[in-house]
Amino acid sequence: MVKINDNYNRLEGSYLFSTIAKKVGAYTKEHPDKRIIRLGIGDVTRPLPAAVIKALHLAVDEMADESTFKGYAPDKGYDFLRHAICENDFRQRGCDIDEDEIFVSDGAKPDSGNIQEIFSSDSSVAVCDPVYPVYVDSNVMAGRKISYLPCTAENGFKPQIPDREYDMIYICSPNNPTGCALTEYELQQWVDYAAGCGAVIIFDAAYEAYISEDGVPHSIYECRGARECAVELRSFSKNAGFTGLRLGYAVVPKELVRGGISLNSLWARRHATKYNGAPYIVQRAGEAVYSAEGKQQVRQLVDYYMENASYILSGLTKAGFEAFGGVNSPYVWMATPDGMSSWEFFDMLLERAGVVGTPGVGFGACGEGYFRLTSFGNSENTKEAVDRIVSLMA
Ligand code: MLT
């Protein structure tokens, strides 16, 4: 009889956001009259930018015409998109990234789950605690043991350089869930550490568009030596609202070589085998994000969500809560009041305020006693949610 991959038995019962959706679903079924405000999963709510919609329409029309119809996309992505990415996300920031180092995909979540496949199953893995669950679960599925780097109020929610060597290190900055971002100096220390011990950093930059402060790097390639030790993952979801369209990319520099093997070639091999390329129409939509009007419209989207973040952060802080993030990030990370556990606070907010957030402990043991609110809702709902939380706790 076939045997299952036993590593799956080591996973948490269900994916965090599925558990929350089930709980909220059960509650709304019992209380259909209650208006619930959802600031849980980090899913965008604003419509796509007009430049993106226009590009989608044009590309759809091309698919209707025999002379412009497109079949399979190149598995690494169309040149027009990879060129726009290199120019805008990297060269304009002084980072030397070549089109051949870009692998277009259907998002940063699949990339962050899949990238571990090119590393040995006995590689040691370090992740932050709290952490985006995909890094952990994908490595557990592959049979790896995970070590946790505590990110607490004492260290400003920033992972400290460990005194032992790890092979793979996942860093997300600006961070999901804490909303805190590493400075250039701090990220450079990680790059130096990885270069020193031959580790590879998987750098998740999905929230880079939310960086508002100077001295916070938008790309790990702003650090010296990162081309030799880091992969970067990017997303069109949180900046341009592509959570439903799906588009992202991985950067795997050619200097990234381990055991004499180029990781760029390995990832190209894996990508070509398992992926048939992001849809043409979606890649045209991605290209439009880099047009002059696209950039301006994306800026407006990000500003809209950042106003929400600022309302959440200042509303909670004024009411006496301890709250973090929300400055370079769309997430606000609040300490639960009165020593409540994350899930107790979740249940109380759902039942008594009709507000959904994400229990910090769902992101790891160090998240216990914390709660994450996203700024991706519409502004009226966001304000009402904060006001409801503040008056409930008054
Ligand atoms: C989250 O809420 O953490 C996000 O939705 C994560 C994701 O983008 O998958």
Side-chain angles (χ1 to χ4, degrees), residues 11-12 14-24 36-46 48 105-116 127-139 141 151 157 170-181 202-210 232-250 278 282 286 301-302 305 308-309 312 324-326 328-334 342-343 346 349-350 355-364 366-367 370-377 381-382 385:
L11 292 167
E12 288 285 324
S14 86
Y15 186 62
L16 173 62
F17 294 106
S18 316
T19 310
I20 292 171
K22 259 190 226 142
K23 267 188 169 258
V24 177
I36 303 293
I37 303 180
R38 290 175 167 80
L39 303 184
I41 191 162
D43 194 5
V44 295
T45 53
R46 306 301 300 155
L48 288 164
S105 72
D106 58 345
K109 179 176 178 176
D111 280 347
S112 65
N114 294 331
I115 193 77
Q116 47 77 29
V127 300
C128 297
D129 178 4
V131 63
Y132 180 43
V134 177
Y135 314 152
V136 172
D137 287 357
S138 55
N139 279 289
M141 287 170 183
C151 297
F157 302 101
Y170 288 76
I171 296 178
C172 176
S173 180
N175 187 261
N176 179 14
T178 65
C180 297
I202 321 272
F203 186 70
D204 185 344
Y207 299 95
E208 69 80 30
Y210 291 85
E232 181 162 307
L233 310 178
R234 291 280 190 112
S235 167
F236 288 74
S237 288
K238 316 290 163 142
N239 56 346
F242 278 41
T243 54
L245 268 192
R246 308 306 309 152
L247 193 67
Y249 64 89
V282 178
L301 272 183
V302 169
Y305 292 131
N308 287 347
I312 300 173
F324 309 88
N328 295 303
S329 156
Y331 295 125
V332 174
W333 186 242
M334 68 181 288
S342 298
W343 279 110
F346 173 92
L349 280 195
L350 176 61
V355 173
V356 178
T358 308
V361 72
F363 297 101
C366 291
Y370 287 91
F371 199 72
R372 192 194 76 175
L373 294 167
T374 100
S375 63
F376 288 123
N381 283 347
T382 303

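Just so you know, these numbers use all the heavy atoms, side chains as well, and skip hydrogens, waters and symmetry mates. Just follow the structure's listing: the first ligand is 1, and inside any ligand the first atom is 1.
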**Student:** Please confirm whether the backbone N or O of Arg46 pairs with a side-chain atom of Tyr305, one donor and one acceptor, at under 3.5 Å?
**Tutor:** yes
**Student:** Pull out every atom of ligand 1 sitting under 4.0 Å from any heavy atom of Gly42, numbered as shown with elements.
**Tutor:** 1 (C), 2 (O), 4 (C), 5 (O)
**Student:** Heavy atom to atom 3 (O) of ligand 1, shortest distance: which of Asp43, Thr243, Asn176, Leu16 holds it?
**Tutor:** Asn176
**Student:** Suppose I only count heavy atoms of Tyr331 and a 4.0 Å limit; which atoms of ligand 1 are within that range?
**Tutor:** 1 (C), 2 (O), 3 (O), 4 (C)
**Student:** Numbering the atoms of ligand 1 from 1, which are under 4.0 Å from a heavy atom of Phe17?
**Tutor:** 1 (C), 2 (O), 3 (O)
**Student:** Is there at least one pair of N or O atoms, one from Tyr15 and one from ligand 1, spaced under 3.5 Å apart?
**Tutor:** no
**Student:** Does Ile41 have a heavy atom less than 4.0 Å from any atom of ligand 1?
**Tutor:** yes
**Student:** Identify the heavy atoms of Ala206 and Ser235 that sit nearest to each other, and give their distance.
**Tutor:** CB-CB, 4.0 Å
**Student:** For the SG atom of Cys128 and the OH atom of Tyr135, what is their distance to the nearest 0.5 Å?
**Tutor:** 8.5 Å
**Student:** Show the atoms of ligand 1 that are less than 4.0 angstrom away from any heavy atom in Lys238.
**Tutor:** 4 (C), 5 (O), 6 (C), 7 (C), 8 (O)
**Student:** Could you give the distance from CD (Glu232) to CG (Asp111), rounded to the nearest 0.5 Å?
**Tutor:** 12.0 Å
**Student:** Using the ring pair (Phe, Tyr, Trp, His ring centres under 6.0 Å) rule, take Tyr370 and Phe363 through it: C-alpha gap first, then chi angles, then the decisive distance, then the call.
**Tutor:** CA-CA 10 Å; Tyr370 287 91; Phe363 297 101; over 10 Å; no
**Student:** From the options Tyr331, Phe157, Phe324, select the one residue that forms a side-chain contact (heavy atoms from CB on, under 4.5 Å) with Thr178.
**Tutor:** Phe157
**Student:** Hey, which atoms in ligand 1 end up nearer than 4.0 Å to a heavy atom of Tyr132?
**Tutor:** 6 (C), 7 (C), 8 (O), 9 (O)
